[in-house]
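Side-chain atoms are counted along with the backbone in the values below, which use heavy atoms only and exclude waters and symmetry mates.
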Amino acid sequence: MTSDPLEAYTLEQLTARRSVKWTQYASDVLPMWVAEMDCSPVPQVIEVIQQIMAAGDTGYPGITYAAEDIRDLPNREVDYRQLPSYQDAYIVFAQDRWGLDVSADQISLMPDVMQGVKYAVDMIGARDLVINTPVYPPFRVYPVEAGARIHEARLADDGRLDFAELEALFESADSYLLCNPQNPTGVAHTREELIRVFELANRHDVRVIVDEIHLPIAATGHSCVPALSVPGSERAIVLFSAAKAFHLAGFKAALMIVGSDAKEELKDVPETVFEGASTIAIAAHTAALVYGGQWLDTVRAGIDARRIRLTEGLARVAPEARVLPAVSTYFAWVDFSRVVVDGKPLGKNPAHFLYRKAKTAFNPGYTFGAGGENYVRINLATSNEVIDEALRRIEEALNR
């Protein structure tokens with residue numbers, strides 16, 4: 001097996017998968033849409049799951065005692081019984097990756113990130129919640145289910161936060177749901193931008209909820225900034241999961257991490273909220289954080305290379321397409337609207353043409369809300385073979 005997890009499987013092998021990415025469309029459609037990776041998982045995660053299954057230890061999650069030597073575990077033989085809690089694994093991971101210091105009393109288990117967002121909205125009684133668009137589509141669904149009204153602030157043309165729009169909406173809002181880093185654009189908010197977010201929010205008494213599920217995925221040489229690492233974030237509520245960065249999307253588990261001034265609220269989280277996280281999912285996420293550092297860095301470098309490969313390929317086969325520069329997530333946010341076919345530009349829904357004529361399935365940009373028209377979101381967490389096949393199909397469709 002290749003040392004690059006993104007090159008572990010051929011296209012033929014990928015088409016045999018039964019996950020939603022590979023079964024949503026007909027077999028002749030190349031899927032590069034939903035946030036699933038086409039790679040091999042962290043080897044120690046596989047080993048941990050195999051050990052649990054072999055031991056028949058598949059009951060409800062039990063009590064896990066704090067481990068004092070988490071950083072030493074990668075130097076030992078893998079034993080799932082030695083795993084720390086998901087919370088303790090996150091504490092060490094966050095310290096090592098981002099220099100973020102949080103304590104166990106700031107963290108609670110959640111069933112998944114969007115369920116955690118829904119509970120956060122309910123927990124703080126949010127009723128008028130601001131989001132930035134274009135953004136991950138569930139941002140417009142889960143808060144509404146918790147009783148909030150959504151108010152949309154458009155991102156600037158370069159995908160960065162528009163603070164004039166934010167301030168205008170904060171005057172009548174009570175909450176703000178931030179995607180950090182931004183999905184689908186791949187923009188990583190800077191420390192200065194996050195400081196400004198909290199200055200505005202605190203001035204208007206707006207509570208900030210942050211989705212940081214893609215935070216570990218940053219380009220080589222870059223690091224995303226955790227919201228809780230900046231001043232003013234003491235009342236913030238962050239949702240994190242190892243699911244996306246470590247190819248564990250089907251293993252539902254997450255964490256809610258709150259600022260130092262919100263710890264009392266965390267004490268009121270009922271068991272019915274966090275007991276939805278499963279035994280094996282918790283173990284898989286924990287093992288990923290403990291053992292997966294080198295794997296993650298390899299995948300980050302692989303995504304860098306594929307972003308370049310796609311950008312250079314599109315410059316050749318569809319020079320009018322524009323790839324928004326990005327240093328985070330494993331998505332490319334691409335404006336195809338100016339690509340001309342039969343004398344006409346593709347316009348506001350280029351994904352429709354690319355699906356029909358190129359047999360490629362990308363996320364249509366309009367599904368991410370205002371500002372997403374004209375774009376498609378392309379999943380880069382795949383093999384070079386898949387990237388090249390997509391480029392071949394696009395070129396063929398445009399020249400047909």
Let me check something: any side-chain donor-acceptor pairs from residues 237-258 under 3.5 Å, sequence neighbours excluded? List them with distances.
residue: Ser241; atom: OG; partner: Ala243; partner atom: N; Å: 3.0
residue: Ser241; atom: OG; partner: Ala253; partner atom: O; Å: 2.8
residue: His247; atom: ND1; partner: Met37; partner atom: O; Å: 3.4
residue: His247; atom: NE2; partner: Cys39; partner atom: O; Å: 3.2

Listing, residues 268-281 side-chain donor-acceptor contacts under 3.5 Å, not counting sequence neighbours, or none:
residue: Ser278; atom: OG; partner: Ala281; partner atom: N; Å: 3.2
residue: Thr279; atom: OG1; partner: Gly59; partner atom: O; Å: 2.4

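Taken together through direct or relayed side-chain contacts under 4.5 Å among Ile, Leu, Val, Met, Phe, Trp and Tyr, Ile213 and Leu177 form part of one hydrophobic cluster. Leu310 and Phe353 fall within a single hydrophobic cluster, where Ile, Leu, Val, Met, Phe, Trp and Tyr side chains are chained together by heavy-atom contacts under 4.5 Å. Trp98 and Val327 are not part of a single hydrophobic cluster, where members link through side-chain heavy atoms under 4.5 Å apart. Leu178 and Val144 fall within the same hydrophobic cluster, where Ile, Leu, Val, Met, Phe, Trp and Tyr residues are linked whenever their side-chain heavy atoms come under 4.5 Å apart, directly or through other members. Side-chain heavy atoms closer than 4.5 Å link hydrophobic residues (I, L, V, M, F, W, Y) into clusters, and following such links, even through other members, never connects Val187 to Ile378.
One distance of note links CD1 of Ile394 with CG of Leu314; it measures 5.5 Å at 0.5 Å rounding. One distance of note links CG of Leu200 with CG of Leu166; it measures 7.0 Å at 0.5 Å rounding. Distance check: Leu30 CG to Trp22 CH2 gives 5.5 Å after rounding to the nearest 0.5 Å. With values rounded to the nearest 0.5 angstrom, Leu155 atom CG is found 6.0 Å from Thr185 atom OG1. The line from NE2 of His189 to CZ of Arg196 is 13.5 Å long, rounded to the nearest 0.5 Å. The CD1 atom of Ile387 sits 4.0 Å away from atom CE of Met32, with the distance rounded to the nearest 0.5 Å.
Under the side-chain contact (heavy atoms from CB on, under 4.5 Å) criterion, Ser328 pairs with Pro181, Ala188, Cys224, not counting sequence neighbours. Remark: Glu389 pairs with Arg392, Arg393 by the salt bridge (Lys or Arg N to Asp or Glu O under 4.0 Å) rule, at least two apart or across chains. Taking Glu395 as the reference, Arg316 meet the salt bridge (Lys or Arg N to Asp or Glu O under 4.0 Å) condition, with sequence neighbours excluded. Residues satisfying the salt bridge (Lys or Arg N to Asp or Glu O under 4.0 Å) test with Arg356, not counting sequence neighbours, are none.
With Ser85 contributing its side chain and Thr64 its backbone, the two residues share no donor-acceptor pair below 3.5 Å. For Asn180 (side chain) and Val210 (main-chain N/O), no donor-acceptor pair under 3.5 Å exists by modelled atom type. Here the side chain of Tyr80 pairs no donor or acceptor atom with the backbone of Gln50 at under 3.5 angstrom. Between the side chain of Arg97 and the main chain of Ser223, no donor-acceptor pair closer than 3.5 Å is present. Although no hydrogens or angles enter the test, the distance criterion places no donor-acceptor pair under 3.5 Å between the side chain of Gln44 and the main chain of Val290. Judged by distance alone, the side chain of Asn183 and the main-chain N or O of His214 form no donor-acceptor pair under 3.5 Å. Between the Glu212 side chain and the Ala227 main chain, a donor and an acceptor come within less than 3.5 Å of each other. Listed for the Arg309 side chain is no donor-acceptor partner under 3.5 Å among the backbone atoms of Ala305. The backbone N or O of Leu11 lies less than 3.5 Å from a partner atom in the side chain of Glu385, making a donor-acceptor pair. Checked by atom type and distance alone, the side chain of Asn379 pairs as donor or acceptor with a backbone atom of Glu36 at under 3.5 Å.
Atom CG of Asp157 sits in a sparse spot, with 12 or fewer heavy atoms from other residues, nucleotides or ligands closer than 6.0 Å.
Within the 4.5 Å cutoff, side-chain heavy atoms of Gln95 are placed close to those of Asp101.
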Candidate pair Asp304 and Arg307, rule salt bridge (charged side-chain N to carboxylate O under 4.0 Å, His left out), full reasoning: CA-CA 5 Å; Asp304 293 347; Arg307 195 182 301 277; 5.6 Å; no

Please assess Asp38 against Lys21 for the test side chain to side chain contact (heavy atoms under 4.5 Å, CB included), listing each intermediate value before the final yes or no. CA-CA 9 Å; Asp38 296 335; Lys21 180 178 182 181; 3.0 Å; yes

Give the C-alpha distance, both sets of side-chain angles, the deciding distance and a yes or no for side chain to side chain contact (heavy atoms under 4.5 Å, CB included) between Ile52 and Thr58. CA-CA 7 Å; Ile52 292 172; Thr58 53; 4.2 Å; yes

Walk me through whether Phe139 and Asp211 qualify under side chain to side chain contact (heavy atoms under 4.5 Å, CB included). CA-CA 10 Å; Phe139 271 38; Asp211 173 355; 3.5 Å; yes

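Of all the heavy atoms in Ala156 and Asp162, the pair that sits closest is N-CB, 4.2 Å. Taking each heavy atom of Val225 and Thr190 in turn, the nearest pair found is CG2-C, 4.4 Å. The shortest heavy-atom contact between Val339 and Ala321 is CG2-N, 3.8 Å. Across every non-hydrogen atom of Ile209 and Ile124, the tightest pair is CD1-CD1, 4.1 Å.
When each of Phe362, Trp333, Tyr136 is checked for a ring pair (Phe, Tyr, Trp, His ring centres under 6.0 Å) with Phe368, only Trp333 meets the rule.
Electrostatic pairing of Asp342 and Lys357 does not count as a salt bridge here, judged by no charged N lying under 4.0 Å from a carboxylate O. A salt bridge links Arg81 with Asp79: at least one charged nitrogen is closer than 4.0 Å to a carboxylate oxygen.
Evaluation of the side chain to side chain donor-acceptor pair (under 3.5 Å) test over residues 164-173, restricted to residues two or more places apart or in two chains, returns Glu167-Arg203. Listed by first and then second residue, the side chain to side chain donor-acceptor pair (under 3.5 Å) pairs involving residues 363-373 are Asn363-Arg377 (not counting sequence neighbours). Here side chain to side chain donor-acceptor pair (under 3.5 Å) pairs that include residues 120-133, with residues two or more places apart or in two chains, are Asp128-Arg149, Asp128-His151, Asn132-Tyr176. Pairs engaging residues 257-267 under the salt bridge (charged side-chain N to carboxylate O under 4.0 Å, His left out) rule: Asp105-Lys263, Arg207-Glu265, Glu264-Lys267 [sequence neighbours left out].
Side-chain contact, Glu7 with Asn384: a donor N or O sits under 3.5 Å from an acceptor N or O.
Clustering of Ile, Leu, Val, Met, Phe, Trp and Tyr side chains at separations under 4.5 Å places Val34 together with Val20, Tyr25, Val29, Trp33, Tyr355. Clustering of Ile, Leu, Val, Met, Phe, Trp and Tyr by side-chain heavy atoms under 4.5 Å joins Ile46 with none of the others.
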